[in-house]
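Shown next, in structure tokens, is the structure this report addresses.
Fair warning: this is a prediction, and the values are worked out from it, not measured in the lab.
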Amino acid sequence: SELNGHRVEKADVIAEAMVRMGVSPADVWMVGDRCFDVEGAHVHGIPAVGVTWGYAADEAELHEADAVVHTVEELQAFLLKESER
């Protein structure tokens, strides 16, 4: 997001990141620790994996995530498995 108030919504930030990286929703997973990350990803049809470390106050906040992991090791294993599909 920008300090001038441009791209303050998570979905807008995700869209800009995809443009800058040259990727499409089919190429990525959103990894986030807040419901805003999950919601922003889903706006673009991006699957989201919630992580239980970071700013998330409660795992229940991640209830709309496509998957939830509890450690970096779990995240790595999950993403590697998904990349093989």
Side-chain angles (χ1 to χ4, degrees):
S1 65
E2 301 290 335
L3 293 176
N4 66 4
H6 188 65
R7 280 193 301 275
V8 295
E9 298 297 323
K10 184 61 76 163
D12 296 335
V13 174
I14 292 169
E16 180 65 17
M18 286 191 300
V19 167
R20 290 184 186 195
M21 295 174 64
V23 297
S24 71
D27 300 325
V28 298
W29 272 82
M30 175 65 179
V31 176
D33 62 351
R34 299 294 314 268
C35 61
F36 310 110
D37 302 321
V38 175
E39 293 164 0
H42 287 169
V43 164
H44 298 289
I46 297 169
V49 58
V51 298
T52 59
W53 63 90
Y55 292 104
D58 186 338
E59 185 174 339
E61 181 177 342
L62 301 170
H63 73 278
E64 292 185 17
D66 299 286
V68 176
V69 297
H70 304 282
T71 66
V72 173
E73 293 79 15
E74 281 184 53
L75 176 60
Q76 178 184 28
F78 176 81
L79 292 175
L80 287 172
K81 179 180 169 188
E82 288 299 314
S83 71
E84 294 172 357
R85 288 184 181 198

Query raised in the report: In this structure, are over 12 heavy atoms from other groups packed under 6.0 Å from Q76 atom CD?
Result: no

Requested in this report: Using side chain to side chain contact (heavy atoms under 4.5 Å, CB included) as the criterion, list what pairs up with A67, not counting sequence neighbours.
Outcome: V49, F78

Requested in this report: Could you grab the distance from atom CD of E39 to atom CD of E64, nearest 0.5 Å is fine?
Outcome: 6.0 Å

Requested in this report: For V68 and E59, work out which heavy atoms get closest and say how close.
Outcome: CG1-OE2, 3.8 Å

**Report entry** Heavy-atom check, side chain of R34 versus side chain of D37, under 4.5 Å
**Finding:** yes

Report task. Consider only side-chain heavy atoms of I, L, V, M, F, W and Y, link residues closer than 4.5 Å, and tell whether V51 and Y55 are in one cluster. Result -> no

**Report entry** Gap between atom CG of L75 and atom NE2 of H70 - 0.5 Å precision
**Finding:** 12.0 Å

**Report entry** Rounded distance [0.5 Å steps], CG in D66 versus CD in E82
**Finding:** 9.0 Å

Query raised in the report: For the hydrophobic clusters of this structure (ILVMFWY residues joined by side-chain heavy atoms under 4.5 Å, transitively), does one cluster hold both M30 and V28?
Result: yes

Query raised in the report: Hey, what do you get for CG (D12) to NE2 (H44), rounding to the nearest 0.5 Å?
Result: 6.5 Å

Query raised in the report: Hey, any chance W29 and I14 share a hydrophobic cluster, counting ILVMFWY side chains that come within less than 4.5 Å of each other, even indirectly?
Result: no

Query raised in the report: Do P25 and M18 have side chains that get closer than 4.5 Å, going by heavy atoms?
Result: yes

Report summary line: For W53 and V69, the nearest pair of non-hydrogen atoms, with its separation, is CZ3-O, 4.1 Å

